[in-house]
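Right, one structure below, let's go through it.
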Amino acid sequence: MTVERILWVVALVAFWALAIFLMYIGWRGRARRQADRVGQLPPVPAHLGEQTIAPATGLYVGSTLAPSWQDRIAVGDLGFRATGEISRYAAGILLERDGASAIWIPQDAVRAVRTERGLAGKVMSKDGVLVIRWELPTGTEIDTGFRSDDKSVYPAWVSAGEPDGKTDSEDSANAASSGEVEQNGENA
């Protein structure tokens, strides 16, 4: 190997390492900026109540600050994808993730449950992601996405109804018509 080739390899490795380091710095900066808006997540209660929708396995896609489908939350482990299981109880929604902390969404914090084409940079076929819009204790609304291994469970989730009596389809339609939910340059 010539000296010129060795220098090219060293330069490429250094460039690659610098790019990875800068992405890491950017991710930490994003987490720092979002920390006050996200705050502490609600703890999983000891008693969840009656199970209303059976557990479904799949992939936790991530959580974003609503209404943006790409503004991924970097605080804690909310920004990392993980396989897991989602189930609904009378008291709320439990999302248990492999290798990450469980996410508890209290029933009174749920604002809408709908299906979308994508979330947090993960784009799939139409209605490929189950998206739960909910309000954190800080008052910030976020969207949490879950791609189930079995898409046939989505209608049960969407038709489960909202705490204020409004159906999920009505809420999603109102959000889309107001321009609140926009994805890939078009209303979702």
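The side-chain hydrogen bond (donor to acceptor under 3.5 Å, both in side chains) search around Asp149 returns Thr57, not counting sequence neighbours. Residues meeting the side-chain hydrogen bond (donor to acceptor under 3.5 Å, both in side chains) test with Asp36, sequence neighbours left out: none. Among residues two or more places apart in sequence or in another chain, the side-chain contact (heavy atoms from CB on, under 4.5 Å) test is passed with Leu41 by Leu78, Trp134, Leu136. For the side-chain contact (heavy atoms from CB on, under 4.5 Å) test, residues two or more places apart in sequence or in another chain that qualify with Glu4 are Thr2, Trp8. Scored by the side-chain contact (heavy atoms from CB on, under 4.5 Å) test, Leu18 finds Leu22 as partners (sequence neighbours excluded).
Contact record, Ala156 with Ile53: O-CD1, 3.7 Å, taken as the closest heavy-atom pair. Nearest heavy-atom pair across Gly139 and Glu135 is CA-OE2, 3.4 Å. Heavy atoms only, all atoms of each residue included: Tyr154 and Val129 are closest at OH-CA, 4.0 Å. Among all heavy-atom pairs drawn from Thr52 and Ala90, the shortest one is CG2-N, 4.0 Å. Annotation for Ser63 and Thr144: closest pair OG-OG1, 2.9 Å, computed over non-hydrogen atoms.
A chain of hydrophobic side-chain contacts below 4.5 Å, direct or via other Ile, Leu, Val, Met, Phe, Trp or Tyr residues, connects Val153 to Tyr60. A continuous path of hydrophobic side-chain contacts links Leu65 to Val75 [ILVMFWY only; heavy atoms under 4.5 Å].
The list of ring-ring contact (aromatic ring centres under 6.0 Å, His included) pairs with a residue in residues 75-99, not counting sequence neighbours, reads Trp27-Phe80.
Between Leu59 and Arg81, the closest side-chain pair of non-hydrogen atoms falls below 4.5 Å. Counting heavy atoms from C-beta outward, Val131 and Val113 have side chains that stay 4.5 Å or more apart. Counting heavy atoms from C-beta on, the side chains of Ile73 and Ile142 come closer than 4.5 Å.
Residues Trp16, Ile20 make up the rest of the hydrophobic cluster containing Met23, defined by ILVMFWY side-chain heavy atoms closer than 4.5 Å, directly or through other members.
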Review item, side-chain donor-acceptor pairs of residues 98-105, under 3.5 Å, at least two apart:
residue : atom : partner : partner atom : Å
Asp98   : OD2  : Thr83   : OG1          : 2.6
Ser101  : OG   : Asp77   : OD1          : 3.1
Ser101  : OG   : Asp77   : OD2          : 3.1
Ser101  : OG   : Arg97   : NH2          : 3.3

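Side-chain contact, Ser148 with Asp150: no donor N or O sits under 3.5 Å from an acceptor N or O.
The line from CZ of Phe146 to CD1 of Ile86 is 5.5 Å long, rounded to the nearest 0.5 Å. In this structure, CZ in Arg88 is found 12.0 Å from CD in Gln51, a value given to the nearest 0.5 Å. Here CD of Glu116 is found 8.5 Å from CZ of Arg133. Values are rounded to the nearest 0.5 Å.
Counting only distance, with no hydrogens or angles, the side chain of Tyr24 and the backbone of Ala19 share no donor-acceptor pair below 3.5 Å.
Under the 4.0 Å criterion applied to side-chain N and carboxylate O atoms, Asp143 and Arg114 are assigned as salt-bridge partners.
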- Item | Ile93/Trp157 under side-chain contact (heavy atoms from CB on, under 4.5 Å): CA gap, chis, key distance, verdict | CA-CA 10 Å; Ile93 298 169; Trp157 280 88; 3.9 Å; yes
